[in-house]
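Here is the structure we will look at.
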2 protein chains.
Amino acid sequence: MNLSPKIESFVMHCGEMGSRWGFNRTIGQIMGLLVMSEKPLSANEIGETLSISRGNVSMGIKELQSWRLVSTQHIAGDRKDYYLPAGSIWELANRVFEERSKREVDPTLSLLRDALLDDPANAQEAYAHQRMDEIHQLLETLTKWTAELQSISPEKLTTLMKLGSGVVRILDLKDRIVKTGSAD
Amino acid sequence: MNLSPKIESFVMHCGEMGSRWGFNRTIGQIMGLLVMSEKPLSANEIGETLSISRGNVSMGIKELQSWRLVSTQHIAGDRKDYYLPAGSIWELANRVFEERSKREVDPTLSLLRDALLDDPANAQEAYAHQRMDEIHQLLETLTKWTAELQSISPEKLTTLMKLGSGVVRILDLKDRIVKTGSAD
DNA sequence: CTAAAGTTTCAATAATTTCTGAACGTTTAA
DNA sequence: TTAAACGTTCAGAAATTATTGAAACTTTAG
């Protein structure tokens, strides 16, 4: 497939950013290409367009599927697999977020939980223990929060984001209401 | 310096996670070590404790300083530089967040802004243009939002996070109030 | 000024990650 | 049953990234 220069530069950019986003160059490129493509693409089309080997396309797609970012589509009377993004931009971003949190935060959280189980044995450990506890609390709060945000509908979430720091004013508002009348 | 097994395993974990968090193994270890240490450490102490070369310590510290995660302290009558975390756990997490957003989002945002300037030249570009616009909007909203959250005091932010998806109820509350009485 | 104590830089090397392509597996049309 | 069309795997090669250590640089005490 032939890409217009503007699309090509976007796809290549996705490649360059790939490793920063948690995967590698090829995988970034494949994802960029699929998002920019109106119709699903076969492994062959992907490989030719990006000049990468059959094997690499296969591995890349597999990885993207493990991130739940790509789905497979079949066309009647055609034995090829066709690939397309597994949802809207919004959903994709969400998945990247979830998946990264799983890989970047969960292991640390579980290490910290273990480490905090038994009491510090000396002054050095006491200090470290305290620090680990802070990190643990921070990560817990953050994890819970993002999990809850995921459960909010995109529309509400957009409203919330547009509100920005204005949300503080509303928190104050709530405090006033709670103080002057209704129970919490 | 000699680390107790529990602290050592935490520091090593920071090393393993390092690359997922946006830096490399050594840098993760150095940061972990500094956070766990009650007193500032010299380059020598860091290198010995982690068994890494002088040069590597120097480069690692430099990188951590570029992330604004480590500060230098001097002790009267001592020519060595001593290093310590540049703030509370909370502040550190914030910096990592900001810094990563700068590296992971900003370049894409600027590419998209450029790409969206001129009109699509054909059907393929028209579709891609639309997709880029969606991504652009998403990233803009997200960037603005996180920037605003940064401006909220840690206490308020904690309240907000603890509230979780309960924040939606408050949004509804606000809507009711606005509708029935005061102007926005 | 000189030497000692420290830090930084960077070319060479080591370690790790990614990519290729050939071999193998599977499905289906004939 | 065969062979063509496709997907997958994985050992080795290529590319990239991290690390070392020696040389250069900086600061300061004497």
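Proteins come first, then strands; the chains are lettered A, B, ... in the order of their sequence lines, and each starts at number 1.
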- Does any residue of residues 34-44 of chain A have a heavy atom under 4.0 Å from DNA chain D, and if so, which ones, in number order? A/Ala43

Is there any protein nitrogen or oxygen under 3.5 Å from a nitrogen or oxygen in nucleotides 27-30 of chain D, and what are the pairs?
| residue | atom | partner | partner atom | Å |
| --- | --- | --- | --- | --- |
| D/dT27 | O2 | B/Arg79 | NH2 | 2.8 |

- Message: If I take atom NZ in residue A/Lys80 and atom P in nucleotide D/dA4, what distance separates them, rounded to the nearest angstrom?
- Response: 16 Å

- Is there a donor-acceptor pair under 3.5 Å between the side chain of B/Ser66 and the backbone N or O of B/Glu63? yes

- Establish whether B/Ile52 and B/Met1 are linked, either directly or via other cluster members, by ILVMFWY side-chain heavy-atom contacts under 4.5 Å. yes

- For B/Asp119, enumerate each residue passing the salt bridge (charged side-chain N to carboxylate O under 4.0 Å, His left out) test, keeping only those at least two apart in sequence or located in another chain. none

- Message: OP1 or OP2 of D/dG7 versus the side-chain N and O atoms of A/Lys62: is any pair under 4.0 Å?
- Response: no

- Interatomic distance, A/His136 atom NE2 to A/Leu116 atom CG [nearest 0.5 angstrom]: 6.0 Å

- Can you tell me the distance, in whole Å, between the NE2 atom of B/His74 and the P atom of D/dT26? 16 Å

- Query: When you check the gap from the basic side-chain N to the acidic O, do A/Glu134 and A/Arg131 get nearer than 4.0 Å?
  - Reply: yes

- Query: Checking side chain to side chain contact (heavy atoms under 4.5 Å, CB included) for the pair A/Ile61/A/Asp81: CA distance, chi angles, key distance, verdict?
  - Reply: CA-CA 11 Å; A/Ile61 292 285; A/Asp81 289 351; over 6 Å; no

- Under a 4.0 Å heavy-atom criterion, DNA chain C is touched by chain A from C/dT18 to C/dT28

- Item | A/Glu99 and A/Arg68 ion-paired at < 4.0 Å | yes

- Message: Please list, in numerical order, the residues of residues 47-59 of chain A that have a heavy atom closer than 4.0 Å to any atom of DNA chain D.
- Response: A/Arg54, A/Gly55, A/Ser58, A/Met59

- Task: Take the protein atom CD1 of B/Ile27 and the nucleotide atom C1' of D/dT19, then report the distance between them rounded to whole Å.
- Result: 11 Å

- Query: Got a sec, which hydrophobics cluster with A/Ile75, joining ILVMFWY side chains under 4.5 Å apart, including via others?
  - Reply: A/Tyr82

- Are A/Arg103 and A/Trp67 in a cation-pi setup, meaning NZ or CZ lies under 6.0 angstrom from the ring centre and within 45 degrees of the ring axis? yes

- How close or far is atom P of D/dG7 from atom CD of A/Gln65, stated in whole angstroms? 11 Å

- Query: Taking a hydrophobic cluster as the set of Ile, Leu, Val, Met, Phe, Trp and Tyr residues connected by side-chain heavy atoms closer than 4.5 Å, whether directly or through intermediates, do A/Leu138 and A/Tyr127 fall within one such cluster?
  - Reply: no

- A/Ser4 and B/Glu125, any side-chain heavy atoms less than 4.5 Å apart: yes

- Message: Without decimals, in angstroms, what is the distance between A/Arg25 CZ and D/dT16 C1'?
- Response: 9 Å

- Query: Between A/Arg54 and A/Glu48, is there a side-chain N and carboxylate O pair less than 4.0 Å apart?
  - Reply: no

- Kindly indicate whether the side chain of B/Pro85, heavy atoms from C-beta on, has any atom under 4.5 Å from the side chain of B/Val70. no

